[in-house]
Protein chains: 2
Amino acid sequence: MNNINQSNKLSEQMMRGEVFSDQCPSREILKHVTNRWGGLVLVALLLGTHRFSDLRRKLSGVSEKMLAQTLQTLEADGFVMRVSYPVVPPHVEYSLTPLGAELAKQVELLVDWIEINLPRILDAQQTSGVANRDE
Amino acid sequence: MNNINQSNKLSEQMMRGEVFSDQCPSREILKHVTNRWGGLVLVALLLGTHRFSDLRRKLSGVSEKMLAQTLQTLEADGFVMRVSYPVVPPHVEYSLTPLGAELAKQVELLVDWIEINLPRILDAQQTSGVANRDE
DNA sequence: GTTCATACTTACCTTTTTGTACGTACTTAC
DNA sequence: GTAAGTACGTACAAAAAGGTAAGTATGAAC
């Protein structure tokens, strides 16, 4: 359409054909981060170590099952560290690994942008003239 | 646990209790951006205006239904602009609004981080010792 | 005149994700 | 002795998301 588009056709491909293509492992990671609770857990842990129940109370709406599952996925990805103290009642602490902290900061930027610009967005939704069937 | 955590308990709440609480509209927006195709479409459109079929070819794996649905949601949010030329065969162009471009850049940062750090992540997955039941 | 391309919509079905309710094991508080 | 708190696992159910295949309208190429 325009020559700008034409000229970086190759560089586009080089720089980031990856996520666009199915099969790429980054799509999987992105899913872990962008599913219902993944991102929220990461951002919550940016504020420091939390126990399981602390997180549950903080993320209003998570079920125990989902929180456990989310934490396990993030742990398996190497983003979250789990430390369990063998006492009764159980005491388990979750924190970010250095890798996880970097990721979490990116997620936080995105979430922050949305929160900060929420008024603009809500306004744009009004004036877009396009109806959202659901929600 | 630590006093750092204690001391910003209040400021945490002030600054970003929002997404953590259910009910907040930002959660909805976040969903539009983080579902299977939302983020990818935004990032793709950062490279310029695209026609429907261009996007379809670019995002390997999207069905027409999903692409149409995703675009409509993003349009309703005011992130994407749709311009249709009444010719035959149909010709429709999609591009980012200024608001959408800002968002898309944030998403791109996140996606880029994942792509760039994929080797580190894959490595961390190996050494995490935690198995992922699915995938 | 049959096929192709465009940008969709619709009905229907499958997969994935999320939730609910319960169980466990142990201890402290009432 | 009954309830509550802790950090989960598990079976089952519900909901949401996604996919498939077809249809629509129109004209252009073969």
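In what follows, chains are A, B, ... by sequence order, proteins preceding strands, each numbered from 1.
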Student: By nearest atom, which of the nucleotides dC8(C), dA7(D), dG19(C) is closest to the Val92(A) side chain?
Tutor: dA7(D)
Student: Could you check how far NE2 of His91(A) sits from P of dT27(C), rounded to whole Å?
Tutor: 18 Å
Student: With respect to the side chain of Arg82(A), which nucleotide from dC8(D), dT26(D), dA7(C) is positioned closest?
Tutor: dC8(D)
Student: Closer to the 5' end of DNA chain C via nearest nucleotide, is it Arg36(A) or Pro89(A)?
Tutor: Arg36(A)
Student: Once you round it to whole Å, what is the distance between P of dC8(C) and CD of Gln69(B)?
Tutor: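 Rounding to the nearest Å, CD of Gln69(B) and P of dC8(C) are 13 Å apart.
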Student: Considering only dG19(C), dA7(D), dC8(C), which nucleotide approaches the side chain of Ser53(A) most closely?
Tutor: dA7(D)
Student: When we call it a touch if two heavy atoms are under 4.0 Å apart, what does Arg56(B) touch: a base, just sugar-phosphate, or nothing?
Tutor: nothing
Student: Report the relative orientation of the aromatic rings in Phe52(B) and Tyr94(B); use parallel for angles under 30°, tilted for 30 to 60°, perpendicular for over 60°.
Tutor: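 Ring orientation, 0 to 90° scale: tilted.
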Student: Mind checking side-chain contact (heavy atoms from CB on, under 4.5 Å) for Ser26(B) and listing every partner two or more places apart, or none if nothing turns up?
Tutor: Ile114(A), Glu115(A), Leu118(A), Val19(B), Cys24(B)
Student: Between P on dA7(C) and CD on Glu75(B), what's the gap in Å once rounded to a whole number?
Tutor: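 Distance, rounded to whole Å: 15 Å.
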Student: Could you let me know what dT27(C) is paired to, Watson-Crick or G-U wobble, both distances under 3.5 Å, or none if it's on its own?
Tutor: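 dA4(D) - that is the nucleotide pairing with dT27(C), both distances being under 3.5 Å.
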Student: Would you kindly give the NZ-to-P distance between Lys65(A) and dA11(D), to the nearest whole Å?
Tutor: 11 Å
Student: If you compare every side-chain N and O of Gln72(A) against the phosphate oxygens of dC8(D) (OP1, OP2), does one of them come in below 4.0 Å?
Tutor: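 Looking at the OP1 and OP2 atoms of dC8(D), neither is under 4.0 Å from any side-chain N or O of Gln72(A).
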Student: Between Arg51(B) (CZ) and dA7(C) (C1'), how many Å, whole number?
Tutor: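 For the pair Arg51(B) CZ and dA7(C) C1', the rounded distance is 9 Å.
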Student: So does Gly78(B) get a backbone contact from the side chain of Thr97(B), meaning a donor-acceptor N/O pair under 3.5 Å?
Tutor: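 Yes; at least one donor-acceptor contact below 3.5 Å.
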Student: Consider the side chain of Pro90(A), meaning its heavy atoms from C-beta on, and name the nucleotide among dA7(C), dT6(D), dT26(D) that approaches it most closely.
Tutor: dT6(D)
Student: Indicate, with a heavy-atom threshold strictly under 4.0 Å, whether Ser63(A) touches base, sugar-phosphate, or nothing.
Tutor: base
Student: Scan residues 41-50 of chain A for pairs that pass salt bridge (Lys or Arg N to Asp or Glu O under 4.0 Å), counting only residues two or more places apart or in two chains.
Tutor: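 Salt bridge (Lys or Arg N to Asp or Glu O under 4.0 Å) check on residues 41-50 of chain A returns no pairs.
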Student: Grab the NE2-P distance between His50(A) and dA7(D) for me, whole Å please.
Tutor: 12 Å
Student: For Met66(B) and dT10(C), what is the distance between atoms CE and P respectively, to the nearest whole Å?
Tutor: 14 Å
Student: Whole angstrom is fine here: how far is it from OH in Tyr85(B) over to P in dA5(C)?
Tutor: 23 Å
Student: For dT16(C), take OP1 and OP2 only and decide whether either is under 4.0 Å from a side-chain N or O of Lys31(A).
Tutor: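 For dT16(C), OP1/OP2 do not have a side-chain N/O of Lys31(A) under 4.0 Å.
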Student: Short question: side chain of Thr49(A), backbone of Ser95(A) - any donor-acceptor pair under 3.5 Å?
Tutor: no
